[in-house]
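Numbered from 1 within each chain, the chains take letters A, B, ... in sequence-line order.
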Amino acid sequence: MAEYTLPKAYDFSTTEQEIYAWWEKNGFFKPWNDPHKPGFDPNIKPFVISIPPANVTGELHLGHAMVVSMEDLMIRYHRMKGIPTLWVPGIDHAGIATQLQVEKALAKEHLTREQIGREEFLRRTWAWKEKYGGIITSQIRRLGASCDWDRERFTMDEGLSRAVREAFVRLYEKGLIYRGPRLINWSPGLKTAVSDLEVEYSEEPGTLYYFKYMFAAGESQPGDDLIYIPVATTRPETILGDTAVAVHPDDPRYQRYIGRKVVVPILGRQIPVIADPYVDREFGTGALKITPGHDPNDFAIGEKHGLPVISVLDESARVNENGGPYCGLDRFEARKNLWEDMRRAGLVIKEEPYMLNVPRSQRGGEIVEPMISTQWFVRIEPLAKAALDAVKDRRIRIVPERFTKVYYNWLENIQDWCISRQLWWGHRIPVWHCADCGKMTVARDNPTHCSFCHSPKIEQDADVLDTWFSSGLWPFSTLGWPEQTPDLDYFYPTSMMETGYDILFFWVARMIMMGLEFTGQVPFETVYLHGLIRDADGRKMSKSFGNVIDPLVVMNEMGTDALRFTLLVGSTPGNDLNLSLKKVEGNRNFANKIWNAGRFVINAIGQAPKQPLAEPDWTLADSWIWARMQNLVRDVERLFQNYQYGEAGRQIYEFFWSEFADWYIEIAKLQLAEGGDRAYYTAKTLTSILDMSLRLLHPFTPYVTEALWGHLKKASQAHSPNFSPKGGWEEALIVAAWPVPRPEESWESEKIQEFTIIQDIVRIIRNWRSENNVTPGKRIPATLVSDKYIHTLQDQAKAIASLAQLDIASLNIIESLSEKPQGSAALVIGHVEVYLPLTGLVAIDEERQRLQKE
RNA sequence: GGGCGGAUAGCUCAGUUGGUUAGAGCGCCUCUCUUACACAGAGGAGGUCGUAGGUUCGAGUCCUAUUCCGCCCACCA
């Protein structure tokens, strides 16, 4: 009677919760070398990750699941290696996503943010955030995230606000932040400026409009061929803001008209014809209308030629007072009306279908309008230079390597960063405008009066900062910066930044710039970029397409381990992962396999003798599985060092299932049945191989391994102290020692080779049986002939017989054969010949019938 | 326009210092409910590793060219 039995099916749903609570209760998530604790040793290098802020939409998506799984894998691995780890969770940050959600809720009540006021809006956002922030936290926990939750920091709390202000003020004082009217990307839907990165371009069919820029009265000269300059545009409404028409200085068609005046259609303003080499003579009509107020290139040309800048759109992208008769119209309506009016005035030449590259807001999806607006900017060149150097001189390593090129390219061509947003949810810009003297007071603490004229009539700038401004401070703000805290001292710079490659610029580059600027150190040593998760057919997951896989549903149905293993093993660095439920199902089966193999081992321990009588007499199978395990430990270690986490997981899977479970356990059954020392040492081998396998698997599938390991430990302790690993059983698998790779010993490859012979023989016999339709249960006689492996074969007779279903009583193993046996099938595998009798095995009649059917 | 990635079994993908007969999962076919597991076990079919050259004793792996697909950056009206 076994002393210890486990339920047949692994019940992950309750086990996961219990295990997680137990880890947390026992403080396993806390770094063992902590500057806040006695006995702290500052010389031990910790492994640190700050977990990226999850957004607050209330939905855990696969992107989060990926990040959390990957980071948790790294954390668990280092923790088991005895390296103090810190994983600082952050829950969310200010951002458009949150604000959009709240505004959506408002819209349902037919309210706008203006109607309820800033204070009420923020109150609602906080309430909303608290509600969903908590949900996200619990979901991240379910993924097994072994964070030090006590260090959890919310970005909108006092601590981060301080960090943000400190950062802003320092940059301002250094002259790296400036404010001014510039041409920026304006999102009319969100009514805010957005950065270059937040604009996405999509190819859409549109129209190229050709029209006439008539020369002003009295501008014509003798010899003129033209009475107008033909111009093409894709956005006719911007005609209202034109301040010049540009042609190429060497263009013979237009050369003589440079400097003349032309008339803006409908509005009647007179604007000059200018020459600029920027104009492409081949494109369109070879003449370009210049709208400095609504086009970045035109803006540059306008600056060069000292042209006035006319803005014709308001914050909702409606035409403003500069648009004359079109004032108040939506931009697209204005386009239509203006074009019709121009047609009536005889100014239209033609329309042509044209493929446009339309700039759209990443968040709202509406067309972004380049507009002149007063915004705050970060002068980026010095920051970018430092960030570039940090990667170039390898203080920061990007994995996979190829993204360094992308990183360089972006930083080398970077434009100043527009950091102000006309949103309400975010960190307010710490600048106060004085109503009396008009000067700006920039302060870390809320001032009561203007620092220039001491007037109390000051008002804080209405804008908030770009989400990524505060996110860029993440690696150090979570550790207490700007205070020089013990945490910051010890845990910064962090070791690893793990994230999707899609936010390399948004976030990673900004963290590097900010980290170098404010701490003088790189914020992390390694950037590991994982791929994006797509559906089974490689399509982007989108709600409208309906191919979104909800990680919560998957976890409920298949268990967290299955999901995690799928994400971790399915991904190679930087490459996208096509996720299908079939894959998760396969890994659910693997978790079940682990559980059941564990049940077998635990049962075996209970049945084995408690003491050995003599020195160990290892069988070939024992030595083989041990050698294979040593090999695996070496390979896994090497792969982890090279960030090949997926391949490492695959190899452990392979080992566990097709070597340990399929071969060793099958042979172990025989060895256990022998009883005595054989059974004792077999149970011991089973225990240590399972123990080590669970250790290796733990970072991938934390729950099932921890649960099973706990049972293994108990069963082993209950039975005999002899079954404990060297150094005894640790308190928990999560803090158990990672298997140490040992140098290869010469016997290892020998035993592996020998065992491979056995496997080959068994396989070739099974194959033959299957092909000849020998009843599976039927034990058949056999003759094995081998000079080279005679001893191995004799030793392994029982195992071979059992695995290949041979009749042990009529199994002949001999060195050589003078004469081939009559009526036998001869199989050759390597240096071994196998003879199987043909007579009486194959059911000849049945076989004939079967063949006839076919 | 610039850059990057992919192209390997019906499908989704591994395969990192070039090395024996190219792997896995799923799917398919044949058997088996053998006391860890049918979320399983045994066996099988299925690939000239996109194409064309080259380097090498040896190339899925390195080099050159090329086709197709995808992505990123830039943004010529």
What interatomic distance, in whole Å, is found between [atom1] of [M] and the corresponding atom of [N]?
{"N": "B/G46", "M": "B/U8", "atom1": "C1'", "result": "13 Å"}
{"N": "B/C62", "M": "B/G6", "atom1": "P", "result": "10 Å"}
{"N": "B/G27", "M": "B/U12", "atom1": "P", "result": "15 Å"}
{"N": "B/C49", "M": "B/G44", "atom1": "P", "result": "23 Å"}
{"N": "B/G15", "M": "B/C68", "atom1": "C1'", "result": "23 Å"}
{"N": "B/G58", "M": "B/A22", "atom1": "C1'", "result": "15 Å"}
{"N": "B/C4", "M": "B/G23", "atom1": "P", "result": "32 Å"}
{"N": "B/G47", "M": "B/C31", "atom1": "P", "result": "24 Å"}

What is the distance, to the nearest angstrom, from the [atom1] atom on [X] to the [atom2] atom on [N]?
{"X": "A/L529", "N": "B/C71", "atom1": "CG", "atom2": "P", "answer": "19 Å"}
{"X": "A/Y653", "N": "B/C26", "atom1": "OH", "atom2": "P", "answer": "6 Å"}
{"X": "A/N575", "N": "B/G6", "atom1": "CG", "atom2": "C1'", "answer": "8 Å"}
{"X": "A/F565", "N": "B/A24", "atom1": "CZ", "atom2": "C1'", "answer": "11 Å"}
{"X": "A/R650", "N": "B/A22", "atom1": "CZ", "atom2": "C1'", "answer": "15 Å"}
{"X": "A/N413", "N": "B/G1", "atom1": "CG", "atom2": "P", "answer": "18 Å"}
{"X": "A/D502", "N": "B/G70", "atom1": "CG", "atom2": "C1'", "answer": "15 Å"}
{"X": "A/L579", "N": "B/U12", "atom1": "CG", "atom2": "P", "answer": "14 Å"}

Select base, sugar-phosphate, or nothing to describe what [X] touches, counting heavy atoms under 4.0 Å on all strands.
{"X": "A/Y210", "value": "nothing"}
{"X": "A/T291", "value": "nothing"}
{"X": "A/S580", "value": "nothing"}

Considering every strand shown, what is the Watson-Crick or G-U wobble mate of [N] when both distances are under 3.5 Å?
{"N": "B/C71", "result": "B/G3"}
{"N": "B/U30", "result": "B/A42"}
{"N": "B/G18", "result": "none"}
{"N": "B/A9", "result": "none"}
{"N": "B/A65", "result": "B/U51"}

Is any NZ, NE, NH1 or NH2 atom of the basic residue among [X] and [Y] found under 4.0 Å from an Asp or Glu carboxylate oxygen of the other?
{"X": "A/R281", "Y": "A/D251", "value": "no"}
{"X": "A/E647", "Y": "A/R650", "value": "yes"}
{"X": "A/K289", "Y": "A/E237", "value": "no"}
{"X": "A/D561", "Y": "A/R588", "value": "no"}
{"X": "A/R769", "Y": "A/E771", "value": "no"}
{"X": "A/E200", "Y": "A/R360", "value": "no"}

ask   = Do the side-chain N or O atoms of A/K582 get closer than 4.0 angstrom to the phosphate oxygens (OP1, OP2) of B/G27?
value =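 So the side chain of A/K582 is within the cut-off, an N or O lying under 4.0 Å from OP1 or OP2 of B/G27.
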
message = Looking at B/G25, I'd like to know if its phosphate oxygens (OP1 or OP2) sit under 4.0 Å from a side-chain N or O belonging to A/K583.
response =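 So the side-chain polar atoms of A/K583 never come under 4.0 Å of the phosphate oxygens OP1 or OP2 of B/G25.
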
message = Under the ring-ring contact (aromatic ring centres under 6.0 Å, His included) test against A/Y653, which residue among A/F655, A/W657, A/F656 passes?
response =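 Of all the options given, the one that passes is A/W657.
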
Which residue lies more 5' along RNA chain B, comparing A/Y643 with A/V279 via nearest heavy atoms =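 The residue whose closest nucleotide sits nearer the 5' end is A/Y643.
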
inquiry  = For A/L197 and A/S571, find the nucleotide of RNA chain B closest to each by heavy atoms; which residue's nucleotide sits nearer the 5' end?
reply    =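 Whichever sits nearer the 5' end wins; that is A/S571.
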
ask   = Are more than 12 heavy atoms from other residues, nucleotides or ligands located less than 6.0 Å from atom CD of A/Q641?
value =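 More than 12 heavy atoms, drawn from other residues, nucleotides or ligands, come within 6.0 Å of this atom.
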
request  = At under 4.0 Å between heavy atoms, which parts of nucleotides 29-42 of chain B does protein reach? Answer with one letter per nucleotide, 5' to 3': B base, S sugar-phosphate only, - none.
outcome  = --S----BBSBSSS

ask   = Does any donor-acceptor pair link the side chain of A/N357 with the base of B/C75 at a separation under 3.5 Å?
value =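 Between B/C75 and A/N357, which were checked side chain against base, a qualifying N/O pair under 3.5 Å is present.
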
request  = Decide yes or no for A/L697 and A/F565: does some side-chain heavy atom of the first lie under 4.5 Å from some side-chain heavy atom of the second?
outcome  =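 Yes, their side chains come closer than 4.5 Å.
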
